[in-house]
Amino acid sequence: MKRDLVIIGGGPAGLAAAIAAYDAGCKDVVIVERESAVGGVLKQCIHNGFGLTRFKENLTGPEYAHKFIDEAEKRNIETLTDTFVISLDDKKRVTCMNKSGIFTIEAKAVILAMGCRERSKGALNIAGTRPAGLFSAGTAQKYVNLKGWLPGKRVVILGSGDIGLIMARRMTLEGAKVLCVSEIMPYSSGLKRNIAQCLNDFNIPLYLEHTVVEIEGKERVTGVTLARVDENKRPIPGTEKHFDCDTVLFSVGLIPENELTKRAGISLDSRTKGAQVDGDRETQIEGIFACGNVLHVHDLVDFVSEEAETAGKSAARYVLEGERKKDYILTENGENTAYVLPQKLDRNKKEAQKLYFRVRAAFRNAEIVVDTGVAVKKFNKIAVAPGEMESVTLKAEEIASAKYVRISVNRRA
Amino acid sequence: MYDIAIVGGGCIGALTARELARYRLKTVVLEAASDVAAGASRANSGIVHAGFDAAEGSLKAKFNVLGNAMMETVCKELGVEYKNNASLVLAFDEEQENTLRELVERGKKNGVKGLEILNKEEVLRREPNVSKEVFAALYAPTGGIVCPFTLTIAAMGNAMDNGAELFTDFEVVAAEEQGDSVRLSAADGRSVNAKYVINCAGAGSQKVAELFGKANFTVHARKGEYILLDSSTAGYVKSTIFTVPTKAGKGVLVTPTTDGNTLIGPTSVEEETFDTSIRREGFDDILGKAKKMCDRLPLGETITSFAGVRAYSDRHDFVLEEGGERLFNAAGIESPGLTSSPAIGKYIAEKIADKFHAEKNSDFNPNRKSYAFFKKLSVEEKNKIIAENPEFGQIVCRCESVTLGEIREALTRNPRARTIDGIKLRTRAGMGRCQSGFCQPAQLELLMKEYGLRFDEVTKNGKKSFIIVGGEI
């Protein structure tokens, strides 16, 4: 089978990329989706807060997804659901498996839109037993929102990622008692609005700089012990707090799902855990693009859609016009910056380009410094936090003359 | 009425049941937990030891070397993953190298073949990730690895396919003589009668022996904690890497597993009970030791940690002897128990066949289809199977690429998976990077359908380990 553009993943990134590619003139598009319906994790995100940036509307996850599903349907974009991509190679051959068998699609261009998965409890080296009742926050969300089953009644949440915060409220609304949220860092990795609306509004305590030291229970979890941590993140003896609970949720980070990316021979950026891309979201392999949470973990789906549209347009242009000659400069993360994306910028590109970045620590009165090697731009932010992605847009001429782009964040007095 | 009741469905019980199935004997296996391989057989290093470690003349030495020689064939017949990946025992100074020489001598006396001492360069050529501080190593070409729980499950399945029966959640709490048999009762009132009882109850073996009178051994608990790395680390080490035991204590090992993961551990801690919780200091203990053995440990790929508890006897050797007129004790089977298990099973079965003048079972089929059979097929062969059964084209577990067809087999073949962990141990669904985050809800629904359960009746591993306890919304 031959197709112009294969999009791996039918979540928000894959859908937006497909629509953008189609509208840019690439009509021979297929989305390969492993679940039985497109929409990705939005299907189980029944809370609101989606689309505020993009649509200026307060939508639920399924409502946000449907805006794109409807657009894809209008264009008759083909989706292969219940279909699992088992391999991708550097020649853009996408091998899939579904109920009808194993088959290979030869693509002119590929967009990686596989999203991310939750970091599991197993990665955390937690002492104690391994009973039933330990869930990642997303799994609990699936049980509650898609199956209608409440995992437990007395809940401790470890990690303050957004899904954990959302589930603190969700389980409370369904009658569970959420005893606390524990976060090892001195700040939450979640959105500020989620701390306010999901914890503070329900009087759920957030213990910062705390970690779990032991899980108890033989068959079902019966309790956990938390403790304050020192500057090396080691528990401080004597600061233990014990909670009787029947359920523990883990919201301890998201990891881009790049197994296929790696198999295609694309190297990953150790900072983002995603592919290294240019402003077109093109990876090191010509014609393979990446966008959304498989590239770097976003905190708002609105930005996923925006990035996916960039990838979709670029892929369409690649299919229709072939590869452009690119003249790269690198982006760098300076002081207090965890990463900058894209990792490289094409100086030949005639359009303005948006750079996303994340800060390493939360602080107020921040000064953002963008240094291109020939000019320095500065602007102020009242507050920055690792949980809130920041962006800066550079004009085409600023990039054309740049030697590099380094983004730093300083504390103002 | 059964001829033989085996108490305990660990690797010893399962392989004994399979060996007994070669004779015309009616056998039942009574397992206290909800699935076989629930104790030490589930959580151990999965090493097929060469046999240089055990004291000369001990039962451990004898059965280790015999079991090692049998393992490859047994695994081939049972469709269980086995690799002859060789073992290396690292020495870090001259004194430790002398210990290696003692191990070579002991190994030779035990009948271990091919042992040699490698110098630093040879070790590093073989294993580039071993610490540059290494001085020498003992190379044991007959060392191997096996998947301990699929070995146990497959052996039990093969025994059942050949006529043996299995009762789970059957903890034997009483044994009474009734004429020419013994009546074994479970706490819930069920009971079976058997002419002869084989005690393979691991942690519970002293208790079981005491149901028949005074036991002439005691069993004690020794905990081993482990850290498991994702299969993305496959190839980090090729052989199983040990260190020589020193005054500072027994080292840990770093080994590949048969599924491509890297396993680090175990610690070795004497405990009062057989509780499998991981101690807070366990992680530092494992990692401190492992970091001295190997460089560039890919700890960022950690996917889980666990503990197993071995039952060792006060004799510090295997107990393999009659414990009364109707009882045989196979107790204190600590390391190298897994390696020894095929040989122990054969030894016990032959003894019993002799005692009962049992006829050979000419219908015995030693072969069993592997749970992993589908993974090993070519694309054409897979397509043929998917055409016949589309469930083999539907991936349920993304991380380990386990299909619905494979899970369906785990639910229906002997011994049937009845729990989330039961599916995991048979198919690897949920054993990968996401640790069942994505596929647990799907597995739960498959168990509901298969056994007619409500959503809140499905368990992780039996008893009251319910997944959902908050009710319906």
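Just so we're on the same page: letters track the sequence lines, and every chain starts at 1. Side chains included, hydrogens not; waters and symmetry mates left out as well; all remaining heavy atoms used.
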Pairs involving residues 267-286 of chain B, ordered by first then second residue, that meet ring-ring contact (aromatic ring centres under 6.0 Å, His included) (sequence neighbours left out): none
Choice from A/Gly128, A/Pro131, A/Gly101, A/Gly133 maximising heavy atom contacts with chain B below 4.5 Å: A/Gly128
Pairs of heavy atoms under 4.5 Å with chain B: top-ranked of A/Ala127, A/Gly175, A/Ala140, A/Gly217: A/Ala127
Contact winner vs chain A - B/Leu404, B/Leu444, B/Leu228, heavy-atom pairs under 4.5 Å: B/Leu444
Residues which pass side-chain contact (heavy atoms from CB on, under 4.5 Å) with B/Ala442, listed by chain and number, not counting sequence neighbours: B/Val396
Where on [X] is there a heavy atom nearer than 4.5 Å to chain B: the side chain, the backbone, both, or neither?
X: A/Val144; value: both
X: A/Ile215; value: neither
X: A/Ala176; value: neither
X: A/Phe135; value: side chain

Taking every non-hydrogen atom, the tightest pair across B/Val469 and A/Gly152: CG2-CA, 3.7 Å
Distance-only criterion, 3.5 Å: which donor-acceptor pairs connect chain A and chain B?
from     : atom 1 : to       : atom 2 : distance (Å)
A/Glu35  : OE2    : B/Arg398 : NH2    : 2.9
A/Ile102 : N      : B/Asn383 : OD1    : 2.5
A/Ile102 : O      : B/Asn383 : ND2    : 3.3
A/Gly128 : N      : B/Ile278 : O      : 2.7
A/Gly128 : O      : B/Ile278 : N      : 2.7
A/Arg130 : O      : B/Lys460 : NZ     : 3.4
A/Arg130 : NE     : B/Ser305 : O      : 3.1
A/Arg130 : NH2    : B/Ser305 : OG     : 2.9
A/Thr139 : OG1    : B/Gly437 : O      : 2.8
A/Tyr143 : OH     : B/Gln440 : OE1    : 2.7
A/Lys147 : NZ     : B/Glu445 : OE1    : 2.8
A/Lys147 : NZ     : B/Glu445 : OE2    : 3.4
A/Gly148 : O      : B/Ile473 : N      : 2.9
A/Leu150 : N      : B/Gly471 : O      : 2.8
A/Leu150 : O      : B/Gly470 : N      : 2.8
A/Pro151 : O      : B/Val469 : N      : 2.9
A/Glu214 : OE1    : B/Arg280 : NE     : 3.3
A/Glu214 : OE1    : B/Arg280 : NH2    : 3.4
A/Glu219 : OE1    : B/Lys464 : N      : 3.3
A/Arg220 : NH1    : B/Phe466 : O      : 2.7
A/Arg220 : NH1    : B/Ile467 : O      : 2.6
A/Arg234 : NH2    : B/Asp284 : OD2    : 2.7
A/Glu259 : OE2    : B/Arg433 : NE     : 3.2

Measure [X] against the heavy atoms of chain A and call it side chain, backbone, both or neither at under 4.5 Å.
X: B/Phe438; result: both
X: B/Ile303; result: backbone
X: B/Leu287; result: side chain

B/Ile395 CD1 to A/Ile86 CD1 distance, which is reported to the nearest 0.5 Å: 7.0 Å
Test item: A/Ile102 and B/Ile386 side chains (from C-beta on) under 4.5 Å apart, heavy atoms: yes
Set of residues satisfying side chain to side chain donor-acceptor pair (under 3.5 Å) with respect to A/His296, sequence neighbours excluded: A/His298, A/Glu307, A/Tyr339
